[in-house]
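Letters go in sequence order (proteins before strands), and every chain restarts at 1.
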Amino acid sequence: MTQKLFLYNSYTREKEEFKPITPGHVGLYVCGPTVSGESHLGHARPYITFDVVNRYLQHLGYKVRYVRNITDAGHFEEEGREAEDKVAAKAQLERMEPMELVHKYTNLFHWGMRLFNNLDPSIEPTATGHIIEQIDMIRKIMDKGYAYEVNGSVYFDVKKYAAGYPYGKLSGRILEDLMETTRELDGQEEKKNKVDFALWKSAPPEHIMRWNSPWGEGFPGWHIECSAMSRKYLGETFDIHGGGMDLQFPHHESEIAQSTIAHDHAPVNYWMHNNMITINGKKMGKSYNNVIKLTELFSGNHPILEQPYHPMVVRFYILQTHYRSTLDFSNEALQASEKAFRRLWEAHELLQKLERNGDADATDKELDAKVVAFCKELDDFMNDDFNTAKVIANLFELVPVINSIKAGHISAAAISADTFGMMKIAFKTYVEDILGMQGLQMQQDSGKLDRVLSLLIEIRKDAKVRKDFATSDQIRNKLAEAGVMLKDEKDGTVTYTIE
RNA sequence: GGUCGCGUAGCCGAGUGGCUAGGCACAGGUCUGCAAAACCUGCUACAGCGGUUCGAAUCCGCUCGCGACCUCCA
């Protein structure tokens with residue numbers, strides 16, 4: 001922790017030096033998914049972004065408690081409920097239990113996270129598992145006079161809160177403006193003011209997810225879960241709260257209000273928000289009907305996808321852009337990322353295998369200095385609000401150096417032994433540990449396949465010695481058709497990559 | 001309508017007062033039986049119009065275009 005980390009705090013709208021509440025420790029809370037449906041490409045962004053944040057904080061030596069919730073209660077409107085309304089006897093039989101649905105999509109979410117090589121959070125609490133904590137918190141807020149009950153529902157009194165606290169600061173909202181905008185919302189008539197939000201909702205008879213509470217059967221409001229769970233696992237005030245920009249209002253603004261009243265002080269020191277993934281310039285989202293689900297992305301099974309995209313390619317594509325910029329989806333962009341990622345990864349693997357012998361001094365001082373500079377800058381870039389785009393750019397600056405050493409265009413001795421070692425460690429640390437990349441071939445069934453390919457490579461070699469290029473080309477071309485690319489290396493060996 | 005943000009080369013995207021980011025594509029070259037890969041070289045942009053400044057893509061103003069949030073949303 002000798003380095004100073006600066007991050008952009010959405011709350012103050014400034015880059016600030018990060019100072020943890022407890023030295024050496026970081027409490028990080030990130031809004032997790034609502035598991036009422038399949039995760040899509042848009043969801044990938046925050047979880048990859050904050051995975052890197054988590055990884056980097058650990059790299060700096062912090063002990064991170066990373067809490068990411070699963071929202072499995074409340075406002076569902078999809079399959080489960082629809083079946084319930086339609087109610088035919090047959091539908092009744094086929095209908096999914098809410099928990100069944102939640103379980104299915106939670107598993108699918110985990111599957112996606114694993115493929116992205118996201119580290120597991122330290123704690124992944126569910127909203128349904130913390131009903132008691134939520135009720136307790138609502139009680140506290142009521143006791144302090146900032147919430148009121150109507151017909152079994154409890155609402156937070158925003159106007160009262162705004163009179164004494166900076167409501168709207170996080171999202172740049174002005175209470176008067178909000179009061180003016182007209183919206184027809186559920187339960188509007190019950191509220192004192194339309195800006196009030198629900199802490200607890202009374203459940204209509206057909207609502208399956210319901211719990212007992214001091215106010216009757218119902219379910220928790222959307223915002224209270226994050227406040228209750230972050231409080232439980234990270235304390236009344238914690239370091240970093242992350243999430244998508246679209247959650248700034250009303251979700252995060254409400255979290256601040258609730259927690260501030262319940263605990264007498266603001267809950268979070270640093271708010272971080274990632275920007276959206278767009279498609280044709282429009283935000284990817286359920287309401288726009290333009291989502292590409294993760295399952296579709298990885299399989300290529302979607303009308304606008306020209307091909308499947310590997311999770312690592314998607315990860316690379318996301319990290320190539322700074323997290324606070326929008327990122328526009330296109331096949332072209334993903335395909336460019338795929339090529340770039342392969343190039344970077346191959347150079348990385350190559351470098352780890354390369355050795356440098358002989359005199360420890362550099363024969364090319366200028367190059368040596370450049371390499372040192374590129375490596376050292378990596379930390380600076382991360383310390384400047386997690387600029388993974390710049391990190392990747394610098395790694396690419398080093399790729400030709402690595403490849404040139406391998407190809408013999410330059411000697412490894414051009415750079416000093418120290419510099420060589422530094423570069424090796426920098427790649428390993430950054431590519432694998434911090435950016436969290438891994439190779440494209442996940443299925444390591446190499447054994448038999450490798451022997452078969454080795455045989456073919458041997459036959460081809462013989463053919464080449466006999467100058468029987470028809471045979472050698474046939475082997476290479478047919479294998480290429482099957483997705484196995486052969487590469488004649490400089491030193492006469494042959495390597496292959498499987499698509 | 002309100003609030004906020006963005007407009008960078010063929011495409012994707014960093015940067016943000018002086019120092020050609022990077023990737024992909026494209027063109028030429030080296031290497032190679034050929035190919036692929038790799039390496040070298042080239043392609044030098046910041047929506048428009050004003051202003052501030054010795055100097056602006058970067059600061060300020062206006063105009064045009066786009067988007068996000070204001071409702072569930074990562």
Side-chain angles (χ1 to χ4, degrees), chain A residues 13 30-34 36-37 39-50 74-77 168 171-174 176-178 180-186 195 222 242-251 253 273-278 281-288 291 316-317 320-322 324-344 346-347 350 377 381 384 387-397 399-410 464 467-470 472-473 476-477 480 485-490 495 497:
Chain A
R13 286 150 205 258
V30 174
C31 288
T34 300
S36 60
S39 300
H40 62 256
L41 174 59
H43 296 124
R45 174 106 101 144
Y47 306 127
I48 290 173
T49 297
F50 290 105
H75 36 268
F76 294 171
E77 59 208 56
S171 55
R173 220 66 27 148
I174 297 158
E176 287 70 45
D177 294 345
L178 291 170
E180 278 167 31
T181 47
T182 340
R183 286 286 175 184
E184 282 312 312
L185 272 172
D186 200 30
V195 289
W222 175 38
M245 258 178 189
D246 50 354
L247 295 181
Q248 247 177 33
F249 189 90
H251 188 54
E253 197 69 63
H273 295 275
N274 63 276
N275 214 135
M276 302 292 101
I277 288 185
T278 58
K282 283 250 189 305
K283 172 185 167 185
M284 184 178 285
K286 233 199 274 184
S287 31
Y288 294 98
V291 302
F316 179 86
Y317 153 79
Q320 234 181 339
T321 306
H322 185 79
R324 284 192 288 115
S325 301
T326 53
L327 209 205
D328 199 50
F329 167 88
S330 71
N331 280 285
E332 239 187 323
L334 261 303
Q335 282 158 15
S337 289
E338 180 171 321
K339 290 199 173 170
F341 174 72
R342 281 179 191 277
R343 191 166 130 84
L344 181 66
E346 275 169 27
L350 194 64
E377 272 178 335
F381 294 155
D384 184 15
N387 199 326
T388 55
K390 277 188 158 187
V391 165
I392 291 173
N394 260 32
L395 292 173
F396 269 107
E397 293 280 5
V399 167
V401 176
I402 297 165
N403 286 330
S404 292
I405 291 173
K406 161 73 176 173
H409 296 312
I410 60 174
K464 279 173 73 177
K467 301 241 186 273
D468 177 7
F469 297 121
S472 69
D473 287 353
R476 186 176 63 200
N477 295 339
M485 309 299 291
L486 294 188
K487 214 162 114 185
D488 292 324
E489 300 288 352
K490 259 275 162 58
T495 58
T497 50

Looking only at atom [atom1], what distance separates [N] and [M], rounded to whole Å?
N	M	atom1	value
B:A57	B:G5	P	22 Å
B:G7	B:G13	C1'	13 Å
B:C70	B:A38	P	45 Å
B:U16	B:A56	C1'	10 Å
B:G50	B:C69	P	36 Å
B:G29	B:C34	P	14 Å
B:G17	B:U58	C1'	6 Å
B:G15	B:A9	C1'	15 Å

Identify whether any heavy atom of [X] sits under 4.0 Å from a base atom; if not, whether one sits that close to sugar-phosphate; answer base, sugar-phosphate or nothing.
X	result
A:Glu397	sugar-phosphate
A:Met284	base
A:Ala393	base
A:Ser404	sugar-phosphate
A:Gly285	nothing

(request) Could you please name the option among B:A68, B:A74, B:C72 that lies closest to any side-chain atom of A:Tyr288? (result)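 The listed nucleotide nearest to A:Tyr288's side chain is B:A68.
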(message) Side chain of A:Phe469 only, heavy atoms from C-beta on: which candidate in B:G2, B:C70, B:G33 is closest?
(response)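 Output: B:G33.
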Enumerate all atom pairs, one protein N or O and one N or O from nucleotides 10-16 of chain B, separated by less than 3.5 Å.
from	atom 1	to	atom 2	distance (Å)
B:C11	O2'	A:Glu332	OE1	3.3
B:G13	OP1	A:Asp328	N	2.8
B:A14	OP1	A:His322	N	3.1
B:A14	OP1	A:Ser325	OG	3.2
B:G15	OP1	A:Asn387	ND2	3.1

(request) Mark yes or no for whether A:Ser472, through its side chain, and A:Phe469, through its backbone, hold a donor-acceptor pair below 3.5 Å. (result)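 Answer holds: yes.
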(message) Quick one: does any side-chain atom of A:Gln248 pair with a main-chain N or O of A:Ser171 as donor and acceptor, under 3.5 Å?
(response)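 Not confirmed, A:Gln248 side chain does not pair with A:Ser171 backbone.
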(request) Write out the stems for RNA chain B, ordered by first number and formatted as range with range, counting runs of at least 3 consecutive Watson-Crick or G-U wobble pairs under 3.5 Å. (result)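 Detected stem regions: B:1-7 with B:64-70, B:10-12 with B:22-24, B:26-30 with B:38-42, B:47-51 with B:59-63.
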(message) Tell me whether the side-chain N/O atoms of A:Asn274 come closer than 4.0 Å to OP1 or OP2 in B:A74.
(response)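 Answer is no, no contact under 4.0 Å.
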(message) Does B:C24 have OP1 or OP2 under 4.0 Å away from a side-chain N or O of A:Arg343?
(response)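 Yes, because at least one side-chain N or O of A:Arg343 sits under 4.0 Å from OP1 or OP2 of B:C24.
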Distance in angstrom units between [X] [atom1] and [N] [atom2], rounded:
X	N	atom1	atom2	answer
A:Arg342	B:C24	CZ	C1'	14 Å
A:Met276	B:C4	CE	C1'	14 Å
A:Met245	B:G67	CE	P	17 Å
A:His409	B:U32	NE2	P	11 Å
A:Asn275	B:G5	CG	C1'	8 Å
A:Ile277	B:A68	CD1	C1'	15 Å
A:Ile402	B:C40	CD1	C1'	18 Å

Identify the heavy atoms of [X] and [Y] that sit nearest to each other, and give their distance.
X	Y	value
A:Arg343	A:Phe396	NE-CE2, 4.1 Å
A:Gly172	A:Arg13	N-NH2, 3.3 Å
A:Arg45	A:Leu327	NH2-N, 3.5 Å

(request) Hey, which sits more toward the 5' end of RNA chain B by its nearest nucleotide, A:Gly172 or A:Ala470? (result)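 Between the two, 5'-proximity favours A:Gly172.
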(request) On RNA chain B, check which nucleotide each of A:Phe396 and A:His43 is closest to and give me the residue with the more 5' one. (result)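 This one resolves to A:Phe396.
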(message) So that I can tick it off, tell me whether A:Asp384 and A:Lys390 are bridged by a salt bridge, with the cut-off set at under 4.0 angstrom between side-chain N and carboxylate O.
(response)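 Salt bridge absent between A:Lys390 and A:Asp384.
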(message) Can you tell whether the side chains of A:Glu346 and A:Lys487 come within less than 4.0 Å, N to carboxylate O?
(response)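 Salt bridge flag = yes for A:Lys487 with A:Glu346.
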(request) Before giving the answer on side chain to side chain contact (heavy atoms under 4.5 Å, CB included), spell out for A:His40 and A:Ile277 the whole-Å C-alpha distance, their side-chain angles and the decisive distance to 0.1 Å. (result) CA-CA 10 Å; A:His40 62 256; A:Ile277 288 185; over 6 Å; no
For nucleotides 34-36 of chain B, give me every protein contact, N/O to N/O, under 3.5 Å, one pair per line with atom names.
from	atom 1	to	atom 2	distance (Å)
B:C34	O2	A:Arg476	NH2	2.7
B:C34	N3	A:Arg476	NH1	2.9
B:C34	N3	A:Arg476	NH2	3.3
B:C34	N4	A:Asp488	OD2	3.1
B:A35	N6	A:Asp488	OD2	3.4
B:A35	N3	A:Arg476	NH1	2.9

